[in-house]
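Below: one structure, written as structure tokens.
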Amino acid sequence: MPPAAVVPDVPEPLSAIIMHLLEKEPDNRYQSADGLVYDLERLRDAGADLRTTAPQAGEHDVPVRLLPPSRLAGRDAEVAELCDSFARRWTAGARAC
């Protein structure tokens, strides 16, 4: 639940930054401290306009180096084979790794 929904005094842009930090998928979180600092400085500089401006959190966040995706892409057959293998192992009464 976004902080602004729980505590109405929390500005919406700050709430968006917090939610961006708490994203479940690592690829959807901030990829660098510089991106977070940029967003926080932009909020600080907005001052009284904080409630009216709603910038996109992470908009200027660029990873320092190219990172591989956190999920396997294009490997549906291999992932299915792994899942089947683990399922067979569990049903055979073997202990999980």
Just jot down the side-chain contact (heavy atoms from CB on, under 4.5 Å) partners of V7, sequence neighbours excluded, or say none. D9, V10
Minimal non-hydrogen separation, A4 against S15, with atom names: N-OG, 3.2 Å
Would you list the pairs meeting ring-ring contact (aromatic ring centres under 6.0 Å, His included) in which at least one residue belongs to residues 16-37, sequence neighbours left out? H20-Y30
Evaluation steps, salt bridge (charged side-chain N to carboxylate O under 4.0 Å, His left out), between D39 and R42: CA-CA 5 Å; D39 285 350; R42 195 170 51 179; 3.1 Å; yes
Is the count of non-hydrogen atoms from other residues, nucleotides or ligands lying under 6.0 Å from E81 atom CD greater than 12? no
Residues passing the salt bridge (Lys or Arg N to Asp or Glu O under 4.0 Å) test with E78, sequence neighbours excluded, are R75
Going through the checks in order, is the side-chain contact (heavy atoms from CB on, under 4.5 Å) test met by V79 and C83? CA-CA 6 Å; V79 170; C83 289; 4.3 Å; yes
To the nearest 0.5 Å, what is the distance between CD on E41 and NE2 on H60? 12.5 Å
If you measure from CG on L36 to CD1 on I17, what distance do you get to the nearest 0.5 Å? 7.0 Å
Do L40 and M19 share a hydrophobic cluster (ILVMFWY, side-chain heavy atoms under 4.5 Å, transitive)? no
If you measure from CD1 on I18 to CG on L14, what distance do you get to the nearest 0.5 Å? 4.0 Å
Between the main-chain N or O of R29 and the side-chain N or O of Q31, is there a donor-acceptor pair closer than 3.5 Å? yes
